[in-house]
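FYI, side chains are in, hydrogens and waters are out, and symmetry mates aren't considered; it's all heavy atoms of this structure.
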Amino acid sequence: MTALFSDEQKAMFERLLDTHLDHAERVDAAYRAALMPMATEAERILYQGGDFYAYLIAEMIKWRDMYAAAVRGVVNAAEPLGSDAGQVWRARLAGQDAMIVEVGKAGLAALKDWHKTVYEARIEALGKERELADALNNLRQRYAPY
């Protein structure tokens with residue numbers, strides 16, 4: 001496919017690919033730099049009793065969208081040259097998607113555990129409430145003035 005382009009056009013496509021690769025590397029570096037503050041914020045949310053999984057997923061999807069835009073640029077710039085640079089970045093994007101799915105699964109499991117714990121606590125509280133009501137009824141019947 002590269003035979004269809006003049007040397008000038010090929011050089012232009014190579015510069016374009018280099019530009020998109022640089023941009024993708026900058027997005028990747030910014031994402032990696034944001035991971036630690038993201039983890040710190042998730043920890044703060046956890047200690048406050050919030051849903052840190054929802055925060056993580058929202059942040060990861062935001063970064064995934066930026067990543068996807070950078071990958072599209074690399075893929076589109078690499079295609080006319082017959083370069084496989086786009087495939088490497090597609091694999092990175094697939095890894096990002098897999099990580100989001102894993103965090104989502106962990107969040108769902110934690111949510112199910114939380115709901116199960118709350119349900120069991122409510123059932124236990126209802127049982128104790130029933131025991132208390134029965135005890136009060138027994139006292140009322142025993143000491144009723146009539």
Side-chain angles (χ1 to χ4, degrees), residues 1-140:
M1 185 171 213
T2 56
L4 299 175
F5 300 117
S6 68
D7 289 341
E8 242 178 58
Q9 290 171 324
K10 187 176 178 183
M12 180 190 67
F13 280 122
E14 287 172 350
R15 283 193 306 273
L16 181 64
L17 177 59
D18 288 342
T19 301
H20 282 288
L21 284 170
D22 287 344
H23 175 67
E25 287 292 341
R26 283 193 308 274
V27 169
D28 187 56
Y31 169 69
R32 292 178 190 284
L35 284 175
M36 195 58 178
M38 196 184 309
T40 303
E41 180 66 12
E43 187 176 28
R44 184 189 66 74
I45 291 169
L46 172 66
Y47 287 136
Q48 290 180 348
D51 185 4
F52 71 97
Y53 287 106
Y55 166 77
L56 282 177
I57 290 171
E59 285 296 307
M60 291 172 78
I61 288 173
K62 177 183 79 171
W63 281 101
R64 189 252 181 235
D65 291 344
M66 286 188 271
Y67 228 80
V71 169
R72 269 193 308 276
V74 170
V75 169
N76 292 340
E79 189 177 314
L81 295 171
S83 170
D84 66 344
Q87 300 310 317
V88 172
W89 283 93
R90 278 186 177 155
R92 285 183 173 186
L93 184 61
Q96 178 76 5
D97 289 344
M99 191 166 44
I100 291 170
V101 168
E102 288 303 312
V103 169
K105 285 179 181 177
L108 182 60
L111 189 60
K112 283 181 180 178
D113 286 347
W114 181 81
H115 280 289
K116 181 180 177 186
T117 302
V118 168
Y119 173 78
E120 289 171 352
R122 285 182 179 164
I123 294 297
E124 185 178 330
L126 284 173
K128 295 210 182 282
E129 187 178 306
R130 186 69 199 156
E131 288 174 16
L132 179 61
D134 288 344
L136 287 173
N137 281 335
N138 289 340
L139 284 174
R140 279 191 200 115

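Within the model, atoms CG of Asp28 and CG of Leu93 stand 11.0 Å from one another, a figure rounded to the nearest 0.5 Å. The distance from atom CE of Met99 to atom CG of Leu56, rounded to the nearest 0.5 Å, is 10.0 Å. Here the CD-CD1 distance, from Gln96 to Ile61, works out to 10.0 Å after rounding to the nearest 0.5 Å. With rounding to the nearest 0.5 Å, the separation of CG in Asp97 from CZ in Arg64 is 4.0 Å. Here the straight-line distance linking atom CD of Glu131 with atom CG of Leu136 works out to 12.0 Å at 0.5 Å rounding. The line from OH of Tyr55 to CG of Leu46 is 13.0 Å long, rounded to the nearest 0.5 Å.
Within the 3.5 Å criterion, the main-chain N or O of Arg72 finds a donor-acceptor partner in the side chain of Asn76. Between the Gln9 side chain and the Ser6 main chain, a donor and an acceptor come within less than 3.5 Å of each other.
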Going through the checks in order, is the side chain to side chain contact (heavy atoms under 4.5 Å, CB included) test met by Leu21 and Glu25?
-> CA-CA 6 Å; Leu21 284 170; Glu25 287 292 341; 5.5 Å; no
Go through the steps for Met38 and Glu41 under the test side chain to side chain contact (heavy atoms under 4.5 Å, CB included), then give the verdict.
-> CA-CA 5 Å; Met38 196 184 309; Glu41 180 66 12; 5.9 Å; no
Please step through side chain to side chain contact (heavy atoms under 4.5 Å, CB included) for the pair Ile45 and Asp51, ending with a clear verdict.
-> CA-CA 7 Å; Ile45 291 169; Asp51 185 4; 5.8 Å; no
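More than 12 non-hydrogen atoms from other residues, nucleotides or ligands lie less than 6.0 angstrom from CG of Asp65.
Scanning all heavy atoms of the two residues, the minimum distance from Ala34 to Pro37 falls at O-CD, 3.3 Å. In this structure, Val74 and His20 approach most closely via the heavy-atom pair CG2-O, 3.5 Å. Taking every heavy atom of both residues into account, Ala24 and Ala70 meet most closely at CA-CB, 3.8 Å. Taking every heavy atom of both residues into account, Val103 and Met60 meet most closely at CG2-SD, 3.9 Å. Across Phe52 and Ala42, no two heavy atoms sit closer than the pair CB-O, 3.4 Å. The minimum heavy-atom distance linking Ala106 with Tyr53 is given by the pair CB-CE2, 3.7 Å.
Counting only N and O atoms by type, the side chains of Arg44 and Gln48 include a donor and acceptor under 3.5 Å apart.
The side-chain heavy atoms of Val71 and Arg92, taken from C-beta on, include no pair separated by under 4.5 Å. The side-chain heavy atoms of His115 and Val118, taken from C-beta on, include no pair separated by under 4.5 Å.
Using cut-offs of 30° and 60° for the angle between ring planes, the Tyr67 and Trp89 rings count as tilted.
Contact check on Arg130 versus Asp134 returns a salt bridge, with a Lys/Arg side-chain nitrogen under 4.0 Å from an Asp/Glu carboxylate oxygen.
Residues satisfying the side chain to side chain donor-acceptor pair (under 3.5 Å) criterion with Lys62, sequence neighbours excluded, are Glu59.
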